[in-house]
Each structure stands twice: as C-alpha cells, then as structure tokens.
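This report concerns only the one structure given below.
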Amino acid sequence: MTNAQAQNRTLDHQEIAARIPHQGSMCLLDRVIDWDEQKIECSAISHQTADNPLRRNNRLGAAIGIEYAAQAMAVHGALLAARETAPKKGMITRVQRITLHAERLDDCPDALRITAERLMGDERVVRYGFELRCGERILIEGEASVILDA
C-alpha cells in the first residue's frame, strides 16, 4: 500500500464530522483508523471527557457504545457512497444480539476501538455487526440494522 492509499483510508475528527450529521461534542469519533468495502475501524477518546453529551449521573454506561457503533456505521456508509452517489441518511431500526461485557465506557483508560462490519444489505437496508474494545477487552458487541433514506 502506498502512502497515498493509506491516507485515503484514515480520517481525523474534522473529516468524520464533515461526513455525518453529528456535530460538536455529539460527534464522538476521533479517527477512522482503517476501512474497506466491508469493515471500518475507528477510535474515540470522547468517553473520557466530562462534557460528553451522553454522560448521565457522572457516568457513561456501556449501552452508549451502540451510539459509537452507529456513528462508525454512518461514516462507513458515507465513505462507500462517496465512491458511488450522494450519501444516504440512515436510521437504526433494530439492535440485536447485544452483549454488554462491561458496565461503563468511561472507566476505559485507553482510546475506544470501534469496529463495524457490514454483514449484508442493499440500497434500502444494511445490517452491521459491531464491537467496542478497551485495549484487548471487549466492552460491548452486537448487531444493528439501518434503514437508508429514512
């Protein structure tokens, strides 16, 4: 892989925010580490900030990981659409097979690693499998279905 190809596969926070509707502190992802046609890997440190908009009672519960995964899916969809047509808006219609391996996200001392893999889909509905990790430890995993142009 050349340096130009590697650069095209990574995005910073500003480039992510330009591709998804989440803005300001609600744009939770800091970096796209790598992506291809089927999978995207991102990182985030927003789980450690006191002003995270999803924090309740001074904590960030593990179920909030679904939103981190949803943003990774949105970025992935936008990156794929950039190759074909204008990005489509999406809405999560179903989450399933969710397993919480932790109670909270905010006690992870490292950057979160968010992976979303496209399991199936067409121009109307897409299903992703996802997981969030703190180092080698899985915090949450599951699947989500997204309806496009909702």
Side-chain angles (χ1 to χ4, degrees), residues 6-83 86-121 125-150:
Q7 288 173 349
N8 289 336
R9 294 168 59 102
T10 63
L11 300 173
D12 64 21
H13 180 81
Q14 186 175 9
E15 293 168 312
I16 292 167
R19 288 172 170 80
I20 63 175
H22 308 81
Q23 297 300 303
S25 62
M26 203 45 215
C27 181
L28 302 173
L29 304 176
D30 291 294
R31 179 159 304 283
V32 171
I33 298 166
D34 194 18
W35 70 279
D36 60 28
E37 298 290 323
Q38 291 303 121
K39 191 173 181 179
I40 188 165
E41 184 176 358
C42 304
S43 67
I45 57 170
S46 60
H47 67 292
Q48 298 171 338
T49 63
D51 67 343
N52 184 305
L54 300 176
R55 189 180 282 274
R56 295 293 175 263
N57 298 321
N58 203 28
R59 66 187 302 258
L60 196 63
I64 298 302
I66 296 169
E67 178 61 28
Y68 281 85
Q71 290 189 24
M73 293 175 224
V75 174
H76 189 247
L79 289 167
L80 291 176
R83 294 179 167 191
K88 296 180 178 183
K89 292 182 182 178
M91 181 174 71
I92 291 183
T93 57
R94 181 177 182 185
V95 292
Q96 59 193 34
R97 296 184 180 95
I98 302 299
T99 304
L100 302 176
H101 299 280
E103 289 186 27
R104 345 173 28 148
L105 300 180
D106 56 339
D107 59 359
C108 172
D110 302 321
L112 295 175
R113 300 284 278 215
I114 304 101
T115 305
E117 183 174 2
R118 187 179 170 129
L119 302 174
M120 60 182 289
V125 179
V126 182
R127 190 168 87 211
Y128 281 90
F130 65 86
E131 69 178 30
L132 272 74
R133 290 180 173 267
C134 176
E136 294 300 314
R137 182 175 161 226
I138 297 176
L139 303 175
I140 180 175
E141 60 187 323
E143 294 181 6
S145 297
V146 178
I147 188 164
L148 301 173
D149 278 340

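These numbers were taken from a predicted model, which means no experiment stands behind them. In what follows, residues are counted from 1 in the order of the sequence shown.
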Regarding Arg133 and Glu131, does a basic nitrogen lie under 4.0 Å from an acidic carboxylate oxygen?
yes
Around atom CD of Gln14, are there more than 12 heavy atoms from other residues, nucleotides or ligands closer than 6.0 Å?
no
Quick one: do Ile64 and Arg56 satisfy side chain to side chain contact (heavy atoms under 4.5 Å, CB included)? Show the steps, please.
CA-CA 10 Å; Ile64 298 302; Arg56 295 293 175 263; over 6 Å; no
From Asp106 CG over to Ser46 OG, what is the distance, rounded to the nearest 0.5 angstrom?
11.0 Å
Closest non-hydrogen atom pair, Val32 against Cys42:
CG2-SG, 4.0 Å
Determine whether more than 12 heavy atoms belonging to other residues, nucleotides or ligands lie under 6.0 Å from atom CD of Glu136.
no
Over all heavy atoms of both residues, which pair between Ala74 and Ile20 is shortest? Give the atoms and the distance, please.
CB-CG2, 3.7 Å
Taking every heavy atom of Arg19 against every heavy atom of Ala78, the minimum-distance pair comes out as O-CB, 3.7 Å
Test item: Arg55 side-chain N/O and Thr49 main-chain N/O as donor-acceptor pair under 3.5 Å:
yes
Can you check whether Leu11 reaches Trp35 side chain to side chain, under 4.5 Å on heavy atoms?
no
Using a cut-off of 6.0 Å, state whether more than 12 heavy atoms not belonging to Arg94 lie near its atom CZ.
no
Is the backbone N or O of Ala17 less than 3.5 Å from a side-chain atom of Gln23, with the two atoms forming a donor-acceptor pair by type?
yes
Looking at CD1 of Ile40 and CD of Glu117, how far apart are the two atoms once the value is rounded to the nearest 0.5 Å?
12.5 Å
Exercise: identify the closest heavy-atom pair between Thr115 and Lys39:
CG2-CE, 3.3 Å
Step by step, work out the side chain to side chain contact (heavy atoms under 4.5 Å, CB included) result for Ile114 and Gln71.
CA-CA 10 Å; Ile114 304 101; Gln71 290 189 24; over 6 Å; no
Taking the side chain as C-beta and beyond, is there a heavy-atom pair between Val146 and Ile92 under 4.5 Å?
yes
Looking at Leu28, Leu29, Leu79, which hits side chain to side chain contact (heavy atoms under 4.5 Å, CB included) with Ile16?
Leu29
Please indicate whether Glu103 has more than 12 foreign heavy atoms, meaning atoms of other residues, nucleotides or ligands, lying under 6.0 Å from its CD.
no
Under a 4.0 Å N-O cut-off, is there an ion pair linking Arg9 with Asp34?
yes
Pairing residues for Cys27 by the disulfide bond (SG atoms under 2.5 Å apart) criterion, not counting sequence neighbours:
none
Please examine the side chains of Leu105 and Tyr68, heavy atoms only from C-beta on, and report whether any two atoms are closer than 4.5 Å.
yes
When every non-hydrogen atom of His47 is compared with those of Cys108, the smallest separation belongs to NE2-O, 3.1 Å
Decide yes or no for Glu143 and Arg127: does some side-chain heavy atom of the first lie under 4.5 Å from some side-chain heavy atom of the second?
yes
Can you tell me how far apart SG (Cys134) and CD1 (Ile140) are? Round to the nearest 0.5 Å.
14.0 Å
Under a 4.5 Å cut-off applied to non-hydrogen side-chain atoms, are Leu139 and Arg104 in contact?
no
Hey, are the side chains of Val126 and Met73 touching, using non-hydrogen atoms and a 4.5 Å cut-off?
no
Spacing of His101 atom NE2 and Arg137 atom CZ [to the nearest 0.5 Å]
9.5 Å
Residues at least two apart in sequence or cross-chain that pass ring pair (Phe, Tyr, Trp, His ring centres under 6.0 Å) with His76, listed by chain then number, are Tyr128
What residues, two or more places apart in sequence or in another chain, satisfy side-chain contact (heavy atoms from CB on, under 4.5 Å) together with Asp30?
His13, Ala44, Ile45
